[in-house]
Amino acid sequence: MGDEGEEGEPLPASPRRTVWPRPDRLLTTPSAPAPVWHDARIRVRVRVRGEGGADMDRQERIRAAAIRWGVLVTGLLLLLVGIGYALPGWSVARGAGTPGVFTVVRQADECPRCVLRGTFTPDDPAEPALDDTEARGRLPVALKGERTRGVGHEGAVYPPGGGGAWRTGTLVAGGGAVVLLGWLWTARAHRRRRRRHETAPAS
């Protein structure tokens with residue numbers, strides 16, 4: 001019974017060995033469950049990545065909303081300024097206003113945002129004079145102390161016939177209208193994409 005050598009003597013029993021699974025096989029074998037520490041690390045990593053992605057999405061939404069509101073405000077300002085410039089100029093071009101003399105008090109190049117300003121003395125003494133008024137349109141004066149004929153209307157002075165002020169105002173208002181139309185189209189496209197994303201089936 002038992003193993004015997006060449007002369008019939010029993011061989012010594014081989015020592016028992018305990019075989020431990022390799023860590024790489026333990027993690028990569030499909031049939032073996034993943035260790036708890038490995039699974040927990042994956043869950044933490046996924047959760048951290050998810051929170052970072054949510055923060056990035058939130059920042060992108062805030063940035064996009066700021067751009068949309070900035071474009072809207074810019075379009076409205078251009079539209080209002082253009083209308084406020086075009087309507088009086090159109091009235092002067094059609095004969096409105098009081099003729100008189102415009103005298104330059106502050107040159108347009110005295111500060112970065114300055115415009116040509118001065119005093120206006122109407123030909124009719126019954127009409128009120130303007131002590132500090134803005135010149136609109138293309139008046140043929142630029143230096144302090146120079147004088148020219150003009151038309152006073154609604155607190156500003158225009159060249160006789162309007163000087164094309166209404167055209168400038170119309171261009172500015174038209175630019176504002178184009179910006180607003182672009183904003184409206186972009187807002188509707190964004191709303192459609194969001195609605196399509198919300199109604200899409202979860203994968």
Q. Judged by atom type as modelled, is there a donor-acceptor pair below 3.5 Å linking the side chain of Thr133 to the main-chain atoms of Gly155?
A. yes
Q: Start with the C-alpha distance between Phe120 and Thr103, add both sets of side-chain angles, then the distance that settles side chain to side chain contact (heavy atoms under 4.5 Å, CB included), and finish with yes or no.
A: CA-CA 6 Å; Phe120 178 74; Thr103 304; over 6 Å; no
**Q.** Partner residues of Val92 under the side chain to side chain contact (heavy atoms under 4.5 Å, CB included) criterion, sequence neighbours left out
**A.** Val151, His153, Tyr158
Q. When rounded to the nearest 0.5 angstrom, what distance separates CD in Glu134 from CZ in Arg106?
A. 9.5 Å
(Q) Just to verify, what does Ala173 make a side chain to side chain contact (heavy atoms under 4.5 Å, CB included) with, not counting sequence neighbours? (A) Leu79, Ile83
(Q) If hydrophobic residues (ILVMFWY) are linked whenever their side-chain heavy atoms come closer than 4.5 Å, directly or via other members, who joins Trp166 in its cluster? (A) Trp90
Q | Summary of salt bridge (Lys or Arg N to Asp or Glu O under 4.0 Å) pairs that have at least one residue in residues 164-175, sequence neighbours excluded | A | none
Q: Starting at OG1 of Thr119, measure out to CG of Leu130 and round the result to the nearest 0.5 Å.
A: 9.0 Å
Q. Which pair of non-hydrogen atoms, one from Pro122 and one from Glu127, has the smallest distance, and what is that distance?
A. CG-O, 3.4 Å
Q) Which value, rounded to the nearest 0.5 Å, describes the distance between Arg147 atom CZ and Thr121 atom OG1? A) 7.0 Å
Side-chain donor/acceptor pairs under 3.5 Å, residues 178-188, sequence neighbours excluded:
| residue | atom | partner | partner atom | Å |
| --- | --- | --- | --- | --- |
| Trp183 | NE1 | Arg68 | O | 3.0 |
| Thr186 | OG1 | Gly182 | O | 2.8 |

**Q.** salt bridge (Lys or Arg N to Asp or Glu O under 4.0 Å) evaluation trace for Arg149 with Asp123
**A.** CA-CA 10 Å; Arg149 297 289 299 176; Asp123 295 339; 2.5 Å; yes
Q | Heavy-atom closest pair, residues Glu154 and Pro88 | A | OE1-CG, 3.5 Å
Q. Among all residues two or more places apart in sequence or in another chain, which pass the side chain to side chain contact (heavy atoms under 4.5 Å, CB included) test with Arg138?
A. none
Q. Nearest 0.5 Å, what's the CG-OG1 distance between Leu78 and Thr74?
A. 6.5 Å
Q | Residue pair Ala165 / Gly89: nearest heavy atoms and the distance that separates them | A | CB-CA, 4.3 Å
Q) Are Val104 and Leu139 joined in one hydrophobic group, where the rule is that I, L, V, M, F, W and Y side chains link up if heavy atoms are under 4.5 Å apart? A) yes
